[in-house]
Asker: 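Encoded as structure tokens, here's the structure I'll be asking about.
What you see is a predicted model, and the numbers here were worked out from it, not measured in a lab.
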Amino acid sequence: MSTSTSPIGAGANAPAAKTTSNSNATNAIGAPPSHRTSSIVVENIAKATEFTANGLPVLGRPTGKTDRYNGMTGAQILLQMLLEHGVTDAFGYPGGAILPTFDQLYEKQLNFILVRHEQGAGHMADGYARATGKPGIVIVTSGPGATNTVTPLATAYMDSIPMIVFSGQVRSYLIGNDAFQEADVTGITRPVTKRNYLVKNVRDLPRIINEAFIIATTGRPGPVLVDLPVDVTTGKIEDAVDDTPYLPGYKIYKAGHSKMVKAAADLINASERPVLYVGGGVILSQAWPHVREIARKGNIPTTTTLLGLGAFDENSPLSLHMLGMHGSAYANYAVQESDCLIAVGARFDDRVTGNLKLFAPKAKIVHVDIDPSSISKNVKVDVPVVGDACLCLEEMLGYIEPRPRSSWLSQVARWKASFPFAYKDDTELSKPQAIIEAINKVTGGKAVFTTGVGQHQMWAAQFVRWSVPRSMITSGGLGTMGFGLPAAIGAQVGRPNDLVIDIDGDASYIMTAMELATMSQYNLPVKVAILNNRFQGMVRQWQQLFYKGRFSHSEMVNPDFAAMAESFGIRGLRCHRKQDLIQCVEEMVNHPGPCVVDFLCETDENVYPMVASGKGLHEMELGIVGCAAPNSDREMGTLA
């Protein structure tokens, strides 16, 4: 029998339980999604017909016992079922306890990407999932192979990303005996997975695989781990087994309660100063067309979280861009002055709200979310709407009444004119913001961008004009340095015809730079733009502002990143003159294969605006943004 070591919703220290329905399809840059994906378990399977059993979506055939697995080993079953679930790509690294599965990979029609470190495999699968909407698949060995996936699992868990890790394990009878490369993987990953399994009998494997796909891709998505002892992957099924998923208590929320949907619309219609606050759940549920239409119909200014970038077209006059700690001043002011805040697919995390006691003090709050445990978790909500954001907003749209709201829009326009994102272009080396502006100018913002974590991440959020969903791939909740490069590789595998650019910082990039070997081996045309300021930039900024400039162990001694790339067989460039920015970006983008550009940039630049810990959103340190109003006599670069 199988043993689940983590309840649905995961451990006590993890984010809110993830228990409802979502997903997405791969789209060309700028193309609208072709279909809804809350039934991804079914829709990704060729010629499948949707069936349900125990209230859950199942593969397109009758449920109950089947003899179709007779004579198959666990490894053969795993590979066959991955293909049946629509899996075309997987990432991982072999090892002793997972060799039966890799032996089957030798013959199966699955595009397997051999990584250089299992952490890279996890982040690649994560980037793949964010870029395509399909669950990312990881296959690794036992012990250190499996434990190396903990950080990627935690990253995916915090950001609600569908991912399944299949890890090898020592033989069942050796578990608990400190065998070679044995680790309590289910115990270790319990707090950072939506659910995990230790499979103890090969007869349970088909059902568990079906359950893993359902759990990872429905409701509030998240990662699942399946631990596979060697005797399970080598064992054979000799008679009929039931592969029907059985998840008692697992509820998939779909449409919201009609009464609450109508109440939310009524509150919005009655408001004078509404603001739409849009999170990553809007992209996961493909609700972004409805968000845009509600904003247009109701003349509602709209702001997004870091993970929500691309859900709303920032070229729209209704766009407030990103809010929060390093969000736009005008978004933060608008939230603080609003009388109705409509949160959709967002969770009111601390980087968005600042001091909770001071957050949106004048607003009635509507919260649309598929996870009921997120409602009123951090901020008291006046009108909760629990359900799939796409279905909820589709219904709500019919109730939204056109309103001019001219006074409110005029006030928002004045804030935008007075406090645009800005920087002072007064140094010999390029300002990091100027590098991102150049990338935005050359690409028109029409690329898939990944980032590491730090100052460069915030500047990318501020100075790229986001207009397309699934174009910003970054670690939000966990803030995982080293995410950018492997995530870009995963995104490129999932979207081979799209331009993929990793905007990275030197300190973040170097953490997973070994994956250049992976990029080179498969000739993946990922472009890497390193904003090299020779510091752990965000750490340096905090040390300057809050620790009296005591830069303790935050300065970096870096290699020549261009020469390093060349040693991997990758085109390497170095840009140190700001007058060459556009030329270097164009050369990077137009190069047919992988390319790394080492952009040397100013060290002492800080990210503004900034909401310090304990402050309200209106209590921002504006920095240069406060000097960027029209008629300033300073030499500015701005992108508002």
Asker: Donor-acceptor check, side chain of Thr512 to backbone of Gly482, threshold 3.5 angstrom: yes or no?
Answerer: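 Confirmed, Thr512 side chain pairs with Gly482 backbone.
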Asker: Measuring from atom CG of Leu397 to atom CD1 of Ile294, what distance do you get when rounded to the nearest 0.5 angstrom?
Answerer: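 Interatomic distance, Leu397 CG to Ile294 CD1, rounded to 0.5 Å: 5.5 Å.
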Asker: Taking atom types as modelled, is there a side-chain donor on Gln80 or Glu84 under 3.5 Å from an acceptor on the other?
Answerer: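 A pair is found: one side chain offers a donor N or O, the other an acceptor, under 3.5 Å apart.
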Asker: Decide yes or no for Tyr128 and Ile137: does some side-chain heavy atom of the first lie under 4.5 Å from some side-chain heavy atom of the second?
Answerer: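 A side-chain contact is absent here, since even the closest heavy-atom pair is not under 4.5 Å.
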Asker: Indicate yes or no for a side-chain donor-acceptor contact from Glu182 to the backbone of Gly176 under 3.5 Å, with no hydrogens or angles considered.
Answerer: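 Yes, because the side chain of Glu182 sits within donor-acceptor range (under 3.5 Å) of the backbone of Gly176.
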Asker: Determine the minimum heavy-atom distance between Val381 and Pro384, stating which atoms define it.
Answerer: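 Looking at all heavy atoms of both residues, the closest pair is CG1-N, 3.8 Å.
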Asker: Which atom names give the shortest non-hydrogen contact between Gly136 and Ala129, and what distance separates them?
Answerer: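 Answer, listing the atom of Gly136 first, then Ala129: N-CB, 3.8 Å.
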Asker: Applying salt bridge (Lys or Arg N to Asp or Glu O under 4.0 Å), name anything that partners Asp126, two or more places apart in sequence or on another chain.
Answerer: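 Listed in chain order: Arg130.
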Asker: Quick one: side chains of residues 92-105, donor-acceptor pairs under 3.5 Å with protein atoms, not counting sequence neighbours, listed by atom name and distance.
Answerer:
none

Asker: Got His290 and Val282 here, is their nearest side-chain heavy-atom distance under 4.5 Å?
Answerer: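 No. Closest side-chain heavy atoms not under 4.5 Å.
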Asker: Using modelled atom types and a 3.5 Å cut-off, is there a donor and acceptor pairing between side-chain atoms of His367 and backbone atoms of Lys380?
Answerer: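 Between the backbone of Lys380 and the side chain of His367 there is no qualifying donor-acceptor contact (under 3.5 Å).
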Asker: So do the side chains of Pro274 and Ile342 get within less than 4.5 Å of each other, counting heavy atoms only?
Answerer: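 Yes, at least one pair of side-chain atoms sits under 4.5 Å.
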Asker: Determine whether a donor-acceptor pair (N or O, by modelled atom type, separation under 3.5 Å) exists between the side chain of Arg195 and the backbone of Ile215.
Answerer: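 It does not hold such a pair.
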Asker: For a quick check under 3.5 Å, do Tyr197 and Glu211 share a side-chain donor-acceptor pair by atom type?
Answerer: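 Per modelled atom types, Tyr197 and Glu211 side chains form a pair under 3.5 Å.
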Asker: Could you please spell out the steps behind the side chain to side chain contact (heavy atoms under 4.5 Å, CB included) verdict for Ile375 and Val386?
Answerer: CA-CA 8 Å; Ile375 304 292; Val386 177; 4.1 Å; yes
Asker: Any donor-acceptor pair under 3.5 Å linking the side chain of Asp159 with the backbone of Gly477?
Answerer: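 Such a contact is found between Asp159 side chain and Gly477 backbone.
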Asker: Any side-chain donor-acceptor pair under 3.5 Å between Thr186 and Asp227?
Answerer: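 Side chains of Thr186 and Asp227: no pair found under 3.5 Å.
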Asker: Using atom types as modelled and distance alone, determine if a side-chain donor or acceptor of Ser475 lies under 3.5 Å from a backbone N or O of Thr155.
Answerer: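 No, the answer is negative, given that no donor and acceptor are paired below the 3.5 Å cut-off.
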Asker: Nearest 0.5 Å, what's the OG1-CD distance between Thr233 and Gln169?
Answerer: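 Here the interatomic distance stands at 11.0 Å.
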Asker: Would you mind reporting whether Leu228 and Leu205 have side-chain heavy atoms less than 4.5 Å apart?
Answerer: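 Yes. Closest side-chain heavy atoms under 4.5 Å.
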Asker: Of all residues at least two apart in sequence or in a different chain, which pass the side-chain hydrogen bond (donor to acceptor under 3.5 Å, both in side chains) check with Ser258?
Answerer: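 Listed in chain order: Glu395.
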Asker: Just how far is it from atom CD of Gln119 to atom CG of Asn148, taken to the nearest 0.5 Å?
Answerer: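 One finds 7.5 Å between CD of Gln119 and CG of Asn148.
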Asker: Going by heavy atoms in the side chains, are His85 and Asn210 under 4.5 Å from each other?
Answerer: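 Yes; the side chains approach each other to less than 4.5 Å.
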Asker: State, yes or no, whether a side-chain contact exists between Tyr250 and Ile214 at a heavy-atom distance under 4.5 Å.
Answerer: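 Yes; the side chains approach each other to less than 4.5 Å.
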Asker: Is the Phe348 ring parallel, tilted or perpendicular to the Phe359 ring (thresholds 30°, 60°)?
Answerer: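 Answer is perpendicular, since the angle exceeds 60°.
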Asker: Can you find a heavy atom in the side chain of Val448 that is under 4.5 Å from one in the side chain of Val500?
Answerer: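 With C-beta onward as the side chain, the pair touches.
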Asker: Under a 3.5 Å threshold, yes or no: a donor from one side chain and an acceptor from the other, between Ser160 and Arg220?
Answerer: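 There is such a pair between these side chains.
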Asker: Given Thr304 and Val278, is the side chain to side chain contact (heavy atoms under 4.5 Å, CB included) satisfied, shown in steps?
Answerer: CA-CA 5 Å; Thr304 63; Val278 174; 4.1 Å; yes
Asker: Which distance, rounded to the nearest 0.5 Å, do you find between the CG of Asp243 and the CD1 of Ile209?
Answerer: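 The CD1 atom of Ile209 is 9.5 Å from CG of Asp243, to the nearest 0.5 Å.
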Asker: Please determine whether side chain to side chain contact (heavy atoms under 4.5 Å, CB included) holds for the pair Leu198 and Ile175, giving the CA-CA distance in whole Å, both sets of side-chain angles, and the decisive distance to 0.1 Å.
Answerer: CA-CA 11 Å; Leu198 172 60; Ile175 292 175; 4.1 Å; yes
Asker: I need the Ile77 CD1 to Leu82 CG distance, nearest 0.5 Å.
Answerer: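 That separation rounds to 12.0 Å.
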Asker: Counting C-beta onward and ignoring hydrogens, is there a side-chain heavy-atom pair between Asp350 and Met325 closer than 4.5 Å?
Answerer: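 No - every pair of side-chain heavy atoms lies 4.5 Å or more apart.
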Asker: Under the side chain to side chain donor-acceptor pair (under 3.5 Å) rule, what do Asp231 and Ser172 come out as? Steps first, then yes or no, please.
Answerer: CA-CA 7 Å; Asp231 50 318; Ser172 298; 2.9 Å; yes
Asker: Can you tell which of Val224, Leu153, Val165 makes a side chain to side chain contact (heavy atoms under 4.5 Å, CB included) with Thr189?
Answerer: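 Answer after filtering Val224, Leu153, Val165: Leu153.
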Asker: Side chain to side chain contact (heavy atoms under 4.5 Å, CB included) for Arg470 and Ile283? Distances and angles first, verdict last.
Answerer: CA-CA 7 Å; Arg470 298 195 181 279; Ile283 294 174; 3.8 Å; yes
Asker: Would you compute the distance between atom CG of Asp89 and atom CE of Met124 and round it to the nearest 0.5 angstrom?
Answerer: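 So the gap between those two atoms works out to 12.5 Å.
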